[in-house]
Amino acid sequence: MTTPPPSPAPATSDTVGALSLVDPDTPFAVLDTAKATRNIARLADHVSTLGVSLRPHLKTAKSLAVAALIHGDTPGPITVSTLAEAEAFADGGYTDILYAVGIDPHKLPRVIALLRREVTLSVLLDSTEQARAVRDASTAARTPIPALIEVDCDGHRGGVTLQDPTLVEIGRVLAESDSLAGVLVHAGESYFATTRAEQHKAADHERDVAVAAAQQLREAGLRVDTVSVGSTPTAHAATDLTGVTEVRAGNYVFFDLVMAGLGVCEVDDLALSVVVTVIGHRPEHGWILTDGGWMAMSRDRGTADQRVDQGYGLVTDLNGNPVPQLLMCGASQEHGILSTRDGSPLPDLPIGTRLRVLPNHACATAAQHHGYHVIDSSRDTPGTPVIQAYWGRVTGW
């Protein structure tokens with residue numbers, strides 16, 4: 001866990017002289033807990049009706065405080081993307097963790113160390129080489145390392161296919177050390193499914209592949225306890241998860257412009273934004289310059305191939321009201337360039353004006369910041385939103 005930079009002391013709306021979004025130096029990340037809480041409840045309620053558990057992916061937020069919004073006072077199952085995240089969340093009391101990136105054998109001693117702390121840390125793999133490394137490390141440590149076999153359902157990234165006999169071979173190798181925990185599928189192509197019907201189809205396919213993979217292993221005499229599926233689009237679109245034991249999703253807590261472009265959420269649901277300050281004007285180019293470049297927003301241009309290209313992000317005022325037609329059209333390391341979508345005259349935004357930018361990809365934008373200045377739009381009174389707290393995040397490799 002890294003130490004966050006100096007930050008304002010927690011403030012509440014009834015604190016005398018409470019800090020607001022006009023106070024910290026820009027750029028900085030803002031989290032609206034009213035919107036995040038609403039997003040969390042939406043998916044939790046949906047998954048509950050499907051009869052499966054939810055294992056949120058915390059690679060997006062990287063925050064114990066955000067995890068508490070999801071799980072409350074009792075830590076529950078989570079997904080992480082680095083062992084540093086796993087260690088930090090274990091320090092925070094989380095004992096059921098899935099490390100959902102293909103395991104590098106060199107990292108297995110850190111996995112064993114967490115298991116010896118009575119943390120159930122599951123790893124992910126898709127090759128016999130990885131399976132043998134897990135088996136050998138488990139045997140040497142006399143501690144089974146739970147492992148999920150990644151199964152490819154759409155050609156998006158990693159995973160063994162249903163047609164590959166390696167699937168069962170991997171399972172048999174893992175079973176030698178009692179390490180086979182189950183199977184995992186991720187419908188990565190769902191992020192390009194632009195209609196509800198396409199997302200529903202992706203969710204059904206994701207389920208079918210995961211269940212079929214588990215069945216192949218069971219027919220080979222192997223025990224499969226976990227059948228894990230999930231992406232933010234498919235988690236919301238799924239209507240039947242028969243044979244599945246858990247759903248993973250992470251982006252849904254914050255949401256972003258990519259998800260809004262897919263119709264998974266509305267722009268008003270976006271809980272994460274970045275506050276920037278106007279630092280210059282280039283009227284000959286139709287530009288307004290800010291102090292928030294790609295180091296504040298990331299280089300992600302995930303909406304570029306969608307029906308509506310949102311540039312590097314949509315621009316709002318400090319209260320979250322969109323500035324008509326204004327978007328972040330360009331970015332260098334520390335400079336953001338704002339322009340109007342339709343080439344209309346620029347709004348009058350003098351130097352020193354503060355704005356919020358809604359991100360294309362919440363995971364990438366959050367990763368640019370050490371933590372979040374927390375607001376609660378449900379408690380806002382007229383004026384600039386008050387900063388309720390500063391939540392540092394976990395990070396590292």
Side-chain angles (χ1 to χ4, degrees), residues 43 46-47 50 52-61 77-82 85-86 96-104 121-127 130 146-164 166-167 170-171 180-194 198-217 224-256 258-259 262 264 300 302 361-364:
L43 186 59
H46 176 62
V47 169
L50 299 175
V52 298
S53 64
L54 177 62
R55 182 183 290 276
H57 204 320
L58 294 176
K59 69 172 183 177
T60 303
I78 61 172
T79 312
V80 298
S81 60
T82 70
E85 292 169 13
D96 183 359
I97 304 173
L98 167 61
Y99 172 35
V101 174
I103 187 65
D104 166 12
L121 178 66
S122 301
V123 301
L124 185 66
L125 50 81
D126 64 359
S127 70
Q130 291 166 305
L148 299 179
I149 304 173
E150 183 173 10
V151 182
D152 182 7
C153 71
D154 59 14
H156 177 67
R157 197 167 49 199
V160 60
T161 65
L162 282 177
Q163 297 75 30
D164 190 339
T166 303
L167 171 63
I170 292 171
L180 177 60
V183 296
L184 177 147
V185 172
H186 171 63
E189 292 299 314
S190 68
Y191 295 95
F192 304 98
T194 58
E198 290 174 349
Q199 291 157 18
H200 179 72
K201 182 178 179 181
D204 283 351
H205 182 62
E206 182 181 55
R207 174 207 62 209
D208 291 346
V209 171
V211 171
Q215 185 61 25
Q216 281 194 35
L217 292 167
V224 178
D225 291 329
T226 300
V227 180
S228 182
V229 304
S231 71
T232 288
T234 56
H236 289 82
T239 57
D240 180 358
L241 291 177
T242 302
V244 169
T245 64
E246 68 178 27
V247 170
R248 308 177 322 280
N251 181 280
Y252 77 100
V253 175
F254 292 169
F255 280 132
D256 53 30
V258 167
M259 290 297 113
L262 295 178
V264 178
D300 198 292
H361 186 180
C363 309

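If you're wondering where the values come from, they're calculated on a predicted model, not measured in any experiment.
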Checklist entry - Would you say the side chain of F254 lies within less than 4.5 Å of the side chain of C363, judging by non-hydrogen atoms? => result no

Across all chains, not counting sequence neighbours, the side chain to side chain contact (heavy atoms under 4.5 Å, CB included) partners of V101 are S81, Y99

With a 4.5 Å heavy-atom cut-off, do V160 and D152 have their side chains touching?
-> no

Self-check item: Residue pair E206 / T234, side-chain donor-acceptor N/O under 3.5 Å
Solution: yes

key: Heavy-atom side-chain contact between L125 and I170 under 4.5 Å   = yes

Correct closest heavy-atom pair for A214 and V227 would be CB-CG2, 3.8 Å

| message | Please determine whether a side-chain nitrogen of the Lys or Arg among D96 and R55 lies less than 4.0 Å from a carboxylate oxygen of the Asp or Glu. | response | yes

**Prompt:** Do M259 and Y191 come within less than 4.5 Å of each other through their side chains, counting heavy atoms only?
**Reply:** yes

Return yes if some donor-acceptor pair links the side-chain N/O of H186 with the main-chain N/O of G230 below 3.5 Å, else return no. yes

field: Test item: R248 side-chain N/O and T79 main-chain N/O as donor-acceptor pair under 3.5 Å
entry: no

query: With a 4.5 Å limit on heavy-atom distance, are the side chains of D256 and N251 in contact?
result: yes

Sorted by chain and number, sequence neighbours left out, side chain to side chain contact (heavy atoms under 4.5 Å, CB included) with E150 holds for L124, D126, L184

For A86 and L121, the nearest pair of non-hydrogen atoms, with its separation, is CB-CD1, 4.1 Å

For V247 and A235 the tightest heavy-atom approach is CG1-CB, 3.7 Å

**Asked** Salt bridge between K201 and D204, side-chain N to carboxylate O under 4.0 Å?
**Response** no

query: H205 side chain to C153 main-chain N or O, any donor-acceptor pair under 3.5 Å?
result: yes

Counting C-beta onward and ignoring hydrogens, is there a side-chain heavy-atom pair between T166 and S127 closer than 4.5 Å?
no

Closest heavy-atom pair, V224 versus G182, reported as atoms and distance to 0.1 Å, is CG1-CA, 3.8 Å

Just by distance, no angles: are the side chains of S53 and E246 close enough, under 3.5 Å, to form a donor-acceptor pair?
no

Using ring centroids (six-membered ring only for Trp), state whether H236 and F255 fall under 6.0 Å. yes

T226 side chain to T245 side chain, donor-acceptor N/O pair below 3.5 angstrom = no

| request: Measure from the side-chain N and O atoms of S190 to the backbone N and O of A193, and report whether any donor-acceptor pair falls under 3.5 Å. | output: no

*asked:* Would the distance check show the side chain of Q216 and the main-chain N or O of L162 forming a donor-acceptor pair, the cut-off being under 3.5 Å?
replied: yes

Report yes if the side chains of L148 and V183 come closer than 4.5 Å at any heavy-atom pair, otherwise no. no

(request) Flag the pair D240 / L50 as yes when at least one side-chain heavy-atom distance between them is below 4.5 Å, and no otherwise. (result) no

Without swapping roles, check the side chain of Q199 against the backbone of L262 for a donor-acceptor pair under 3.5 Å. yes

